[in-house]
Structures are given as C-alpha cells and as structure tokens.
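One structure is given below, encoded as structure tokens.
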2 protein chains.
Amino acid sequence: MKISAQEEYGLRCLVQLATLDEGKTLTLPQIAEREGISSANAGKLMWLLSKEGFVKATRGTKGGYSLARPSDEISLSEVIKVLDADEIDGHCDSYSGVKDSCVHTGDCGIRPVIVGLHEIVQNALSNITLAQLVGSEKKVDERFHRIQGLHSTLNI
Amino acid sequence: MKISAQEEYGLRCLVQLATLDEGKTLTLPQIAEREGISSANAGKLMWLLSKEGFVKATRGTKGGYSLARPSDEISLSEVIKVLDADEIDGHCDSYSGVKDSCVHTGDCGIRPVIVGLHEIVQNALSNITLAQLVGSEKKVDERFHRIQGLHSTLNI
DNA sequence: CCCAATCTTGACTAAAAGGTAATGATTTGA
DNA sequence: TCAAATCATTACCTTTTAGTCAAGATTGGG
C-alpha cells in the first residue's frame with residue numbers, strides 16, 4: 001500500500017503547473033529541472049496527463065504545458081486514478097494466484113477491507129485540490145489536517 | 001496507491017490460520033490449496049511471516065503453521081507493515097528522481113499529503129484485527145463499516 | 001536408526017514497473 | 001521556406017517485484 005513513482009512524480013509535475021500565472025507554460029526541460037527528474041521521464045508523464053485531459057500541450061517555439069482546468073477544480077483523487085490505472089473493480093481478477101479466478105469469488109472476507117480502504121483513500125483525496133498543494137509545507141500541512149479533521153477521526 | 005501481491009496473499013494466508021481451532025495447524029500445501037496459490041509461494045510468505053513473529057512453524061510429520069498470537073490481538077496495520085516493508089520515513093529518499101536527494105528537501109508541499117494519507121490508512125487498519133476478517137463477506141463488511149463509521153456500500 | 005513429511009533457505013527465472021532514447025510531427029519566426 | 005524549439009510516440013533497456021525450484025535441516029514414527 002504505497003504510492004507509485006508515477007503517482008508521485010506525476011502529481012509533483014502538476015503542482016508545478018499549478019503555480020503558474022494565467023497564460024504561462026512550462027517546457028519539459030523546465031518541469032524536469034524543477035522536479036529533479038529527466039526530461040524524457042517528464043515527457044512520458046505529461047504525455048499521459050495530456051491524454052487524460054489534465055494538461056494542455058502546445059508544440060513549437062514558445063510551446064509548453066499548462067493545466068487544462070483551474071487548479072482548484074482538479075482533485076487529487078482524479079489525478080491518482082489515472083496515474084496509477086487505479087481500478088478497484090479489477091482487483092479480484094489481479095489476485096487470483098495460479099488459478100483462473102480467485103478462490104474466494106462469491107464470498108470473500110478480505111474484499112470489504114480492500115474496497116473500504118480504497119474508499120477511505122479516495123474520499124480523503126477527493127477533498128484536496130491541486131491549488132491547495134501550492135505553498136509552503138507548513139501551510140499545506142495545516143490545510144490537509146483541517147480538511148481531514150485527522151485528530152477527530154480516531155475510531156468512533 | 002494499491003495493495004501489493006505480497007500484502008494480499010500474506011494477509012489471506014493469515015486469515016486461513018485465524019480460522020483454525022486452538023492447537024490445529026495447516027501445512028504449506030493446505031494453505032496453498034485454500035488460497036489458490038503455489039506451495040512454493042505460500043512457503044515464501046509463511047517464512048517471512050514466521051521471521052516477523054506472526055506465525056509459529058513446526059517441522060516434521062504432523063508439523064505446520066499456526067498463529068503465534070491470538071487472532072484478535074493481531075491488527076492489520078502490523079501485518080501490512082511487514083508484508084510491504086512499509087516505511088514512510090524513507091519516502092523522500094525513494095523518490096529523488098535522477099538526483100541524490102529530493103529537490104524539495106526542506107520545504108515540500110506534497111509531503112504532508114503523503115504522510116497524512118499514510119496516517120489515514122494505518123489508522124483505519126489498526127482498528128481491524130485478523131479475527132474480524134473471519135466470516136462471511138456480509139458480516140465482515142458490516143464490521144468494517146461500523147468500525148470506520150461509514151455507510152455500508154455492499155449491495156446484497 | 002532410517003525414512004517420510006515438513007519447514008528453511010538461497011539461487012534462479014519471469015513479469016511488471018520504471019525509465020531512456022531515438023525518431024517523427026507541429027509550430028514559430030527569421 | 002527553412003531551421004530551431006517543442007511535444008508525441010514507440011521501441012528498448014533497467015530495476016524491482018513476484019514467483020519457482022532444488023537442496024538442506026528438523027521432526028516424528030516405525
């Protein structure tokens with residue numbers, strides 16, 4: 001249960017675009033520089049994000065990338081979903097061991113936990129937008145904890 | 001953000017042991033059979049879980065595996081932690097791109113979200129024990145949602 | 001004591017994820 | 001028109017994760 005490289009770097013690249021003023025863009029080398037990754041890797045990530053409609057790309061001199069929508073209208077749950085090909089529906093097909101289908105198909109004691117956990121994570125992420133990740137760590141941390149009410153969600 | 005094969009199968013094997021009566025054990029072929037995985041794979045998982053103190057192994061005829069502690073004293077957060085080598089502390093070292101250290105070291109707008117998400121997941125898992133995963137899907141689902149304080153989403 | 005059942009362990013192979021490189025397509029501006 | 005800057009796409013390589021295999025060690029029973 002951990003964040004994949006694609007999720008981490010993809011999200012970070014989007015946050016860079018979220019810091020831009022209206023009309024400004026960043027090129028692949030600029031994004032790569034700011035996130036400490038290679039241009040090739042940034043290119044792959046932006047290609048995916050462009051394909052999925054999160055960023056707008058313009059080619060040629062003066063080209064670059066910008067967000068396709070306002071940063072305060074893009075939730076992290078949407079982003080994570082496409083960056084990780086996150087499909088809870090296909091879960092049981094992915095973990096069928098050496099069999100063609102999972103032995104627990106029909107009645108499974110684990111599934112509620114897997115599905116429930118996924119809900120909890122998606123729910124938390126759906127309350128955060130890219131815009132809220134722009135700023136100092138201290139500020140973002142305060143926002144996150146206020147939004148999640150983390151200290152009050154301890155077992156009911 | 002998804003569960004790894006080792007987490008999934010490891011957890012499932014433990015649940016099998018949790019169904020056993022006091023003093024009973026399961027052999028590798030029996031565990032493998034019940035979870036639809038190979039004996040070799042079950043062997044690797046049980047070796048890890050044994051090393052980490054979750055299960056007791058006895059060799060020789062009449063040997064097999066059993067839980068090292070009562071199933072209602074083993075929380076999923078502990079289990080997941082060892083099955084996935086889950087270390088949030090090392091996160092920033094793992095995602096430093098092509099650099100030696102992450103470019104955001106010192107002040108990072110993403111870290112609060114990563115750390116917070118990890119807390120949320122661990123918190124949810126720490127409230128569930130192996131014992132609570134034994135039973136029908138319907139029962140387990142009810143337990144999970146009662147514990148987490150969410151509305152049931154299972155359509156039965 | 002010896003054999004069969006069982007776990008243990010490390011090396012090996014296979015599959016998936018992560019990342020790179022090279023080539024092609026589009027745009028701008030001299 | 002042409003060259004430079006930029007994104008797009010696909011093929012390839014590397015690393016990590018997943019899974020298998022075979023030889024070894026331990027235990028219990030005859």
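Below, read A as the first sequence line, B as the second, and so on, with proteins coming before strands; counting in each chain starts at 1.
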Got A:Cys102 and A:Arg111 here, is their nearest side-chain heavy-atom distance under 4.5 Å? no
To the nearest Å, give me how far apart [atom1] ([X]) and [atom2] ([N]) are.
X: B:Lys56; N: C:dT8; atom1: NZ; atom2: P; value: 13 Å
X: B:Lys2; N: C:dA17; atom1: NZ; atom2: C1'; value: 10 Å
X: B:Arg59; N: C:dC7; atom1: CZ; atom2: P; value: 10 Å
X: A:Gln6; N: C:dG19; atom1: CD; atom2: C1'; value: 11 Å
X: A:Leu28; N: C:dT27; atom1: CG; atom2: P; value: 16 Å

5' priority, DNA chain C, between A:Gly60 and A:Ala5 [closest heavy atom]: A:Ala5
So if I take the C1' atoms of five pairs at each end of the helix from C:dC1-D:dG30 to C:dA30-D:dT1 and get each local axis, what angle do the two axes make, rounded to 10 degrees? 0°
Within residues 35-50 of chain B, residues whose heavy atoms come under 4.0 Å of DNA chain D: B:Ser38, B:Ala40, B:Asn41, B:Lys44
Would you name the heavy atoms of A:Thr129 and A:Asp72 that are closest together and state the gap between them? CG2-O, 3.6 Å
Please find the pair of heavy atoms, one from B:Arg12 and one from B:Glu35, that lie closest to each other, and give the distance. NE-OE1, 2.7 Å
B:Tyr95 side chain N/O closer than 4.0 Å to the phosphate oxygens (OP1, OP2) of C:dG19? no
If you pin A:Lys51 and A:Lys62 to their nearest nucleotides in DNA chain D, which one's is more 5'? A:Lys62
Taking for each residue the nucleotide of DNA chain D with the nearest heavy atom, is it A:Thr61 or B:Thr58 whose nucleotide lies nearer the 5' end? A:Thr61
What verdict does the side chain to side chain contact (heavy atoms under 4.5 Å, CB included) test give for B:Leu26 and B:Arg34, after you've listed the backbone C-alpha separation in whole Å, the side-chain angles of each residue and the deciding distance to 0.1 Å? CA-CA 10 Å; B:Leu26 286 179; B:Arg34 294 189 181 198; 3.6 Å; yes
Please confirm whether the backbone N or O of [Y] pairs with a side-chain atom of [X], one donor and one acceptor, at under 3.5 Å?
X: A:Tyr65; Y: A:Leu17; value: no
X: A:Glu73; Y: A:Pro70; value: no
X: B:His145; Y: B:Asp141; value: yes

Verify side chain to side chain donor-acceptor pair (under 3.5 Å) between B:Glu137 and A:His104, making sure each step is shown before the conclusion. CA-CA 10 Å; B:Glu137 179 161 358; A:His104 299 292; over 6 Å; no
Check this for me: A:Lys62, atom NZ, are more than 12 non-hydrogen atoms of other residues, nucleotides or ligands nearer than 6.0 Å? no
What are the bounds, 5' to 3', of the part of DNA chain D that sits under 4.0 Å from heavy atoms of chain B? D:dA18 to D:dG28
Evaluate the side chain to side chain contact (heavy atoms under 4.5 Å, CB included) criterion for residues B:Ile128 and B:Gln148: first the C-alpha distance (whole Å), next the side-chain angles of each, then the deciding distance (0.1 Å), finally the verdict. CA-CA 9 Å; B:Ile128 311 173; B:Gln148 302 301 330; 4.1 Å; yes
B:Val98 has its side chain closest, among C:dT26, C:dT20, C:dC7, to C:dT20
ILVMFWY network linking B:Leu45 to B:Ile3, side-chain heavy atoms under 4.5 angstrom: no
